[in-house]
Number of protein chains: 2
Amino acid sequence: MIPELSPISMPRVPVEVLRARCSTCSMHQLCLPMGLDVGDMDKLDQIIGRRRRVLRGATLFRIGDPFVNLYAIRLGHFKTYQINPGGEEQITGFQMAGELLGMDAISADRHHCNAVALEDSDVCEIPFSSLEQLLGEMPTLLRHFHRMMSQEITREQSVMLLLGNMQATQRFAAFIVNLASRYEARGYSGVKFQLRMSREEIGNYLGLTIESISRLLSKFKKEGWLRVSNREIEILNPVMLKAITAGTGDACA
Amino acid sequence: MIPELSPISMPRVPVEVLRARCSTCSMHQLCLPMGLDVGDMDKLDQIIGRRRRVLRGATLFRIGDPFVNLYAIRLGHFKTYQINPGGEEQITGFQMAGELLGMDAISADRHHCNAVALEDSDVCEIPFSSLEQLLGEMPTLLRHFHRMMSQEITREQSVMLLLGNMQATQRFAAFIVNLASRYEARGYSGVKFQLRMSREEIGNYLGLTIESISRLLSKFKKEGWLRVSNREIEILNPVMLKAITAGTGDACA
DNA sequence: CGAGCAATTGAGTACACTCAACGCGCGTGG
DNA sequence: CCACGCGCGTTGAGTGTACTCAATTGCTCG
């Protein structure tokens, strides 16, 4: 079994179905509780706030900002990171279209991390107070929301496993496998995709240096497991990558 | 600022007040929403299930168990850990009296980690389906529950920061400082306390080996920052420990 | 075309790991 | 009562993986 790094993995639902069901916020996770009837879906639709464009490199929210909205990513990619007292950042996750941002802010009514767009992106604002009110009226939505928060907890536990237990090669393989599975779950190719983040950001996330990431990419290329061209990735040997991720791959050497 | 590792830090409320307000489950976090009126508190009280004793080394729940209850720790300490594909464990947290276990299980209706008592402990079972129903009726409780889940997310992010960014010395200092602050917040001494976990468990949690932990303890002792006797810890230089945790301490060498 | 940034590659180093021996406390059994 | 074994923790010596520092290449964009 592959350690599930995937933030809030998404059930496989055809995109068209989602679009049809949720006009303003199609494709993001809050719209997935399939038990919702049309009326409920409308109510959910109505509280969704304005759409907002976030340009590459721009900050969606930062540490200490008052917590007002959750954000559903409609399009694009984000990174979230914390700042340690020394001023260095630690990336805590990469989020893609369909995922939800800001759940860590509920606890203290302030954001606990920074969220920055890795490319030009679109988000929907979801006013949390409205959402919470709605949750009280719609048990199905409530259940779903709890699932999503719980999945975020689970995802982070997997990252702890990665950072606490794995060697560099294994970490990197796990990272690639995780990205692939998330793209696949979203209807994109799980074999060929673009890295939206820099080598430095990958290294930061995985607790490694940029040089290590570079060497790992070279190695994976040389071994014939990956085709790499700048940020374009093609997985040539998924079985091997999964084996390494699982710690089974003796080829970790 | 000290990286907040504390799982679900607890507001400072005198224990007696809590006991007075919540008969069966006094002292755990679910009983803390101070906005609850007496009637609501009674309702919450009524859904709390049976108490259960978990002996040292015994398992409260394990990976794959169907998710039925959350558990409020009334007394004692637990560890939660994941198992990687190679069969090794990675400890994801240490929990003490007043904290809540099992929130990672909501997402998939199965537990995602194992929970084992570090000493003879008491827990309250909280049937999640009853709780969720109640959440729909009690906005204050709903809010509080979301805060708790969010705090768990925040806590794990801090551990990611620790594992991804910090050196051994800093990790260990952060660990001690975190424990101290949690004990203090609970009304115990934040200066002198007992480690409930073995060196091996600390090392596992911090992504270090047992030997490294042992050496760090010796070093901290030699430097005069800690008094150490087996599992008994006394903090002699809290300022220095906090400085190291913050990365300010040049004495990291 | 050139400036500037991102990524690669190489050489040397250091921090934490591995392996191994030893000490200590404690419970058990002779 | 002491001897012994066992688990847990400490300490030392040597090693290796990933880091640091540095030089070079390649890409992007003005």
Side-chain angles (χ1 to χ4, degrees), chain A residues 55-57 79 86 88 90-91 118-120 162-176 194-223 226-233 244 247 249-253, chain B residues 56-57 79 86 88 90-91 118-119 162-176 194-223 226-233 244 247 249-253:
Chain A
L55 295 181
R56 175 195 167 96
K79 65 172 175 180
E88 304 154 291
Q90 166 69 35
I91 294 174
L118 294 174
E119 59 187 326
D120 294 357
L162 180 145
L163 291 173
N165 250 333
M166 296 183 183
Q167 306 269 55
T169 310
Q170 205 180 350
R171 290 187 199 188
F172 184 70
F175 174 71
I176 295 293
Q194 252 215 349
L195 297 174
R196 297 326 210 283
M197 63 297 285
S198 68
R199 308 287 195 262
E200 184 164 20
E201 286 164 332
I202 298 172
N204 181 305
Y205 178 63
L206 297 178
L208 300 170
T209 58
I210 180 175
E211 293 95 331
S212 293
I213 300 300
S214 193
R215 283 183 241 275
L216 285 165
L217 272 165
S218 300
K219 178 184 171 183
F220 279 39
K221 194 153 84 174
K222 201 184 71 195
E223 299 279 357
L226 285 183
R227 187 191 311 277
V228 183
S229 170
N230 297 321
R231 295 194 174 184
E232 194 70 33
I233 292 283
I244 294 170
D250 39 16
C252 283
Chain B
R56 176 195 165 95
K79 65 172 174 181
E88 306 156 288
Q90 166 70 36
I91 294 173
L118 294 174
E119 60 187 326
L162 180 144
L163 291 174
N165 250 332
M166 297 184 182
Q167 305 270 53
T169 310
Q170 205 179 350
R171 291 187 198 188
F172 185 70
F175 174 72
I176 295 294
Q194 252 214 349
L195 297 174
R196 298 326 211 280
M197 64 296 286
S198 68
R199 306 288 195 261
E200 184 165 17
E201 286 164 332
I202 297 172
N204 181 305
Y205 178 62
L206 297 178
L208 301 170
T209 58
I210 179 174
E211 292 96 332
S212 293
I213 300 301
S214 192
R215 282 184 242 274
L216 285 165
L217 272 165
S218 300
K219 178 184 170 184
F220 280 39
K221 194 154 85 174
K222 202 183 70 194
E223 299 280 357
L226 284 184
R227 188 190 309 278
V228 183
S229 171
N230 297 318
R231 297 195 173 183
E232 195 71 33
I233 292 283
I244 294 170
D250 40 15
C252 282

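Residue numbers begin at 1 in each chain, while the letters A, B, ... track the order of the sequences.
Taking five base pairs at each end of the helix from dC1(C)-dG30(D) to dG30(C)-dC1(D), the local helix axes there meet at an angle of 30°, rounded to 10°.
In this structure, L195(A) atom CG and dC27(D) atom P are separated by 16 Å, rounded to whole Å. One atom, CZ of R199(A), and another, P of dC5(C), lie 18 Å apart when rounded to the nearest Å. One can place CD1 of I213(B) at 13 Å from C1' of dT10(D), the figure rounded to the nearest angstrom. Rounded to an integer number of Å, the gap from NZ of K219(B) to C1' of dA16(C) is 12 Å. In this structure, E201(B) atom CD and dG7(D) atom C1' are separated by 13 Å, rounded to whole Å. If you take CZ of F172(B) and C1' of dC17(C), they are 18 Å apart, rounded to a whole angstrom. Look at CD on Q170(B): it is 14 Å from P on dC15(C), rounded to the nearest Å. As rounded to whole Å, 16 Å separates atom C1' of dA7(C) from atom CG of L226(A).
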Going 5' to 3' along nucleotides 12-25 of chain D, which nucleotides have protein heavy atoms under 4.0 Å from the base (write B), which only from the sugar-phosphate (write S), and which from neither (write -)? BB----SSBBB---
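Between R231(B) and dG9(D) there is a side-chain polar atom (N or O) within less than 4.0 angstrom of OP1 or OP2. A close approach under 4.0 Å does not occur between any side-chain nitrogen or oxygen of S214(A) and OP1 or OP2 of dT9(C).
If you check every strand for non-hydrogen atoms under 4.0 Å, N230(B) touches nothing.
For the atom pair CD1 (I91(B)) and CD (E200(B)), the distance works out to 8.5 Å, reported to the nearest 0.5 Å.
At a threshold of 4.5 Å between non-hydrogen side-chain atoms, the residues Q90(B) and N204(B) count as touching. Between R231(B) and R199(B), the closest side-chain pair of non-hydrogen atoms falls below 4.5 Å. Between L163(A) and R171(A) the shortest side-chain heavy-atom distance falls below 4.5 Å. Annotation: side chain of L118(A) is in contact with side chain of E201(A) (closest heavy-atom distance under 4.5 Å). Contact of the F220(B) side chain with the V228(B) side chain is not registered, since no non-hydrogen atoms from C-beta on lie closer than 4.5 Å.
Closest of all the heavy-atom pairs between F175(A) and M197(A) is CZ-SD, 4.0 Å.
Under the side-chain contact (heavy atoms from CB on, under 4.5 Å) criterion, E88(B) pairs with N84(B), not counting sequence neighbours.
Looking at S218(B), its side chain does come within 3.5 Å of a backbone N or O of S214(B) through a donor-acceptor pair.
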